[in-house]
Amino acid sequence: MRILGIDPGSRITGFGVVQVLRNGRVEYIASGCVRVPKAELAGRLKTVYDGVAEIIRTYQPTVLAIEKVFMAKNADSALKLGQARGAAILAGANHMLDVAEYTALQIKRAAVGKGHAGKQQVQHMVKALLGLSAAPQADAADALACAICHAHHAVGRLSQAAALTRRRSGRRGMRLPL
């Protein structure tokens, strides 16, 4: 499974692409930022959409994981963030990707081990978890943490489903159709 993590922003949208290997390990593929120029709202949203669409075409992810909107002190900032997030989700949907959403607490807990970690802690742990030679830029690190969060959730769900199947087949035995 190849996961595109997105840290949406109205000025900088971070992205991170990871691959989940058969053994459950997470491997780094790419990361970076879509930088949005100062322009009218429609132009900024188009830049986010086009940037995410190009990343999808380049790296061919199978799922898009994105941070949910948080309640900001400034309603205008939260609205702009939500619009940038919507542009990124639409790019994923138009490329037929499944979209998974996680709160900032879930993402930080998966990457760092605690939900209220700072940006530097996220950067440090992403670097360590993915075996990178240097810490990624903050927005890219947040996006990689989002992808890592989805990888942990997806592998956990697959493991639970396999265990449930094993338990059920063990209880009832295998029945062959006649």
Side-chain angles (χ1 to χ4, degrees), residues 1-20 26 28-36 41 44-56 58-59 61-130 132 135-157:
M1 168 185 358
R2 187 168 282 197
I3 305 164
L4 169 59
I6 296 289
D7 178 43
S10 60
R11 290 187 320 238
I12 299 173
T13 291
F15 76 89
V17 182
V18 299
Q19 179 81 33
V20 179
V26 179
Y28 174 83
I29 302 295
S31 63
C33 297
V34 175
R35 298 195 185 280
V36 181
L41 176 63
R44 291 194 316 254
L45 295 177
K46 183 178 182 333
T47 299
V48 171
Y49 176 91
D50 290 345
V52 172
E54 181 60 30
I55 293 161
I56 293 168
T58 301
Y59 297 104
T62 54
V63 64
L64 183 144
I66 192 164
E67 186 176 331
K68 288 183 179 180
V69 173
F70 60 92
M71 289 307 297
K73 292 178 184 175
N74 182 335
D76 189 52
S77 294
L79 184 61
K80 287 176 183 172
L81 175 62
Q83 291 167 331
R85 192 175 165 280
I89 290 171
L90 182 58
N94 280 344
H95 285 85
M96 308 306 283
L97 297 182
D98 290 332
V99 176
E101 302 175 85
Y102 298 98
T103 66
L105 261 99
Q106 288 174 303
I107 293 167
K108 290 176 180 181
R109 194 172 295 134
V112 180
K114 62 181 185 174
H116 295 288
K119 287 222 176 255
Q120 288 181 330
Q121 288 174 301
V122 172
Q123 287 175 291
H124 174 76
M125 284 306 295
V126 165
K127 175 187 173 204
L129 288 170
L130 297 175
L132 304 176
Q137 191 269 347
D139 297 296
D142 288 348
L144 285 165
C146 188
I148 290 167
C149 178
H150 183 72
H152 290 312
H153 280 82
V155 168
R157 283 192 299 271

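What you find for Ala138 and Lys119 is that their closest heavy atoms are CB-CD, 3.9 Å. Taking both residues in full, the closest heavy atoms of Ala141 and Gln123 are given as CB-CG, 3.6 Å, listed atom of the first, atom of the second, then distance. Residues Ala147 and Gly16 approach most closely at CB-O, 4.1 Å, considering heavy atoms. Residues Tyr49 and Ala87 come closest through the heavy atom pair CD1-O, 3.5 Å. Annotation for Val34 and Thr47: closest pair CG1-O, 3.8 Å, computed over non-hydrogen atoms. The two atoms that bring Gln137 and Cys33 nearest to each other are OE1-SG, 3.0 Å, heavy atoms only.
The distance from the OG atom of Ser10 to the CG atom of Leu79 is 10.0 Å, given to the nearest 0.5 Å. With values rounded to the nearest 0.5 angstrom, Asp139 atom CG is found 7.5 Å from Arg35 atom CZ. Summarising the geometry, atom CE belonging to Met96 is positioned 12.0 Å from atom CD1 belonging to Ile56; distances are rounded to the nearest 0.5 Å. We find the CZ-CD distance between Phe15 and Glu54 to be 10.0 Å, quoted to the nearest 0.5 Å. Here the straight-line distance linking atom CD of Glu101 with atom SG of Cys149 works out to 12.0 Å at 0.5 Å rounding. Between Leu45 atom CG and Asp50 atom CG the span is 11.0 Å, to the nearest 0.5 Å.
The closest side-chain heavy-atom distance from Leu41 to Arg44 is below 4.5 Å. A heavy-atom distance below 4.5 Å is found between the side chains of Lys68 and Arg85. Using a 4.5 Å heavy-atom threshold, the side chains of Leu81 and Pro8 count as touching. Annotation: side chain of Pro61 is in contact with side chain of Leu97 (closest heavy-atom distance under 4.5 Å). Under the 4.5 Å side-chain criterion, counting only non-hydrogen atoms from C-beta, Tyr28 is in contact with Leu144.
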| task | Could you give me the CA-CA distance, side-chain angles and deciding distance for Ile107 and Asp142, then say whether side-chain contact (heavy atoms from CB on, under 4.5 Å) is met? | result | CA-CA 8 Å; Ile107 293 167; Asp142 288 348; over 6 Å; no
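The environment of Gln120 atom CD is sparse: at most 12 non-hydrogen atoms of other residues, nucleotides or ligands sit within 6.0 angstrom. When the shell of 6.0 Å around NE2 of His124 is examined, it contains 12 or fewer heavy atoms from other residues, nucleotides or ligands. Within 6.0 Å of NZ on Lys46 lie no more than 12 heavy atoms contributed by other residues, nucleotides or ligands.
Checking each of Thr13, Asp7, Ile89 against Ile66 for a side-chain contact (heavy atoms from CB on, under 4.5 Å) leaves exactly one that passes, namely Ile89. Considering Val17, Val26, Leu64, Val20 in turn, Val20 is the only one that fulfils the side-chain contact (heavy atoms from CB on, under 4.5 Å) rule with Ile3.
Counting only distance, with no hydrogens or angles, the side chain of His95 and the backbone of Ala91 share a donor-acceptor pair below 3.5 Å.
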